[in-house]
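Please read the structure below before turning to the comments.
All values reported here derive from a predicted model rather than from experimental measurement.
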Amino acid sequence: MDIISILKQDYQKFPADQTYSIYAENVYFEDPLNKFRGIDRYQKMIGFMKNWFNDIQLDLHDISHSGDLIKTRWTLSWTAPVPWKPRMAIPGWSELKLNSDGLINSHIDYWDISRLDVLKQVFQVK
């Protein structure tokens, strides 16, 4: 199976049963909250999300592959673990760079909204 098909499947079932074998051992990850190296840290971050947030959904809107770069556009949403259970969402995109072995050695996430706008969603009243 090719890496694009694997990524599409992983997005559909995120954060459960991710295919970590498509990542290099020393993968670099960055988003507006985190910056680190290593597949172990990457797995721990996803495990934290799975254990802390409820009803996580990662909707893939677009995916493209050119040379050693894969770009995805997505919306990550979840129910916050507070008594009033607000539904929160981050629209954004990822740039995944492949090494010479075809493994992802860099995964950088960009958000379309600020960290403050994400936090404000906790306090929104519907």
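Using a 4.5 Å cut-off between side-chain heavy atoms of Ile, Leu, Val, Met, Phe, Trp and Tyr, with links allowed through other members, L116 and V82 fall into different hydrophobic clusters. In this structure, Y11 is not a member of the same hydrophobic cluster as W93, with clusters built from ILVMFWY side-chain heavy atoms closer than 4.5 Å. Linking ILVMFWY residues whenever their side-chain heavy atoms come closer than 4.5 Å, directly or via other members, leaves I108 and L33 in distinct clusters. Connection of I6 to I39 is established within a shared hydrophobic cluster, with ILVMFWY side chains joined at heavy-atom distances below 4.5 Å, either directly or through further cluster members. Under a hydrophobic-cluster definition in which Ile, Leu, Val, Met, Phe, Trp and Tyr are linked whenever side-chain heavy atoms come within less than 4.5 Å, directly or via other members, L58 and I113 are assigned to the same cluster.
I63 has its side chain within reach of I4: a pair of non-hydrogen atoms, C-beta onward, lies under 4.5 Å apart. Two residues are said to be in side-chain contact when any heavy atoms from C-beta on lie closer than 4.5 Å; W74 and I90 meet this criterion. No side-chain heavy atom of T72 sits less than 4.5 Å from a side-chain heavy atom of D62.
Residues E30 and Y28 bring a donor and an acceptor atom of their side chains to less than 3.5 Å of each other. Counting only N and O atoms by type, the side chains of S94 and D109 include a donor and acceptor under 3.5 Å apart.
Few gaps surround NZ on K13; more than 12 heavy atoms of other groups in view lie less than 6.0 Å from it.
Here CZ of R41 is found 12.5 Å from NZ of K35. Values are rounded to the nearest 0.5 Å. The structure places OH of Y20 at 13.0 Å from CD of E25, a figure rounded to the nearest 0.5 Å. Atom CZ of F48 sits about 9.5 Å away from atom CG of N34, to the nearest 0.5 Å. The distance from the CG atom of D17 to the CD atom of Q12 is 13.0 Å, given to the nearest 0.5 Å. For the atom pair W78 CH2 and Q57 CD, the distance stands at 12.5 Å (nearest 0.5 Å). Here CE of M49 is found 4.5 Å from CG of L76. Values are rounded to the nearest 0.5 Å.
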Checklist entry - Going through the distances and angles, do L96 and L7 end up as a side-chain contact (heavy atoms from CB on, under 4.5 Å)? => result CA-CA 11 Å; L96 312 172; L7 286 167; 3.7 Å; yes
Next on the checklist: Assess the residue pair K97 and I70 against the criterion (side-chain contact (heavy atoms from CB on, under 4.5 Å)); give the C-alpha distance rounded to whole Å, side-chain angles, the decisive distance to 0.1 Å, and a yes or no.
Outcome noted: CA-CA 6 Å; K97 291 188 181 170; I70 297 171; over 6 Å; no
Item to check | Step-by-step side-chain contact (heavy atoms from CB on, under 4.5 Å) determination, M88 to S77 | outcome: CA-CA 5 Å; M88 302 176 67; S77 58; over 6 Å; no
Checklist entry - Please walk me through it: do Y23 and Y42 pass side chain to side chain donor-acceptor pair (under 3.5 Å)? => result CA-CA 10 Å; Y23 291 87; Y42 187 75; 3.1 Å; yes
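A pairwise comparison of heavy atoms in Q18 and D10 identifies NE2-O, 3.1 Å as the closest pair. The two residues S21 and L103 come nearest to each other via the heavy atoms O-CD2, 3.3 Å. The minimum heavy-atom distance between A24 and N99, with the atom names listed, is CB-ND2, 3.8 Å. When all heavy atoms of L98 and I3 are compared, the pair lying nearest together is CD2-CD1, 3.7 Å. Taking each heavy atom of P81 and F53 in turn, the nearest pair found is CD-CD2, 3.8 Å.
Between the S114 side chain and the D117 main chain, a donor and an acceptor come within less than 3.5 Å of each other. Looking at R37, its side chain does come within 3.5 Å of a backbone N or O of N26 through a donor-acceptor pair. Of the possible polar contacts, none joining the Q121 side chain to the L119 backbone as a donor-acceptor pair under 3.5 Å is found. Side-chain atoms of W111 do not come within 3.5 Å of backbone N or O of D31 as any donor-acceptor pair.
By the 4.0 Å N-to-carboxylate-O rule, D2 lies too far from K8 to be salt-bridged with it.
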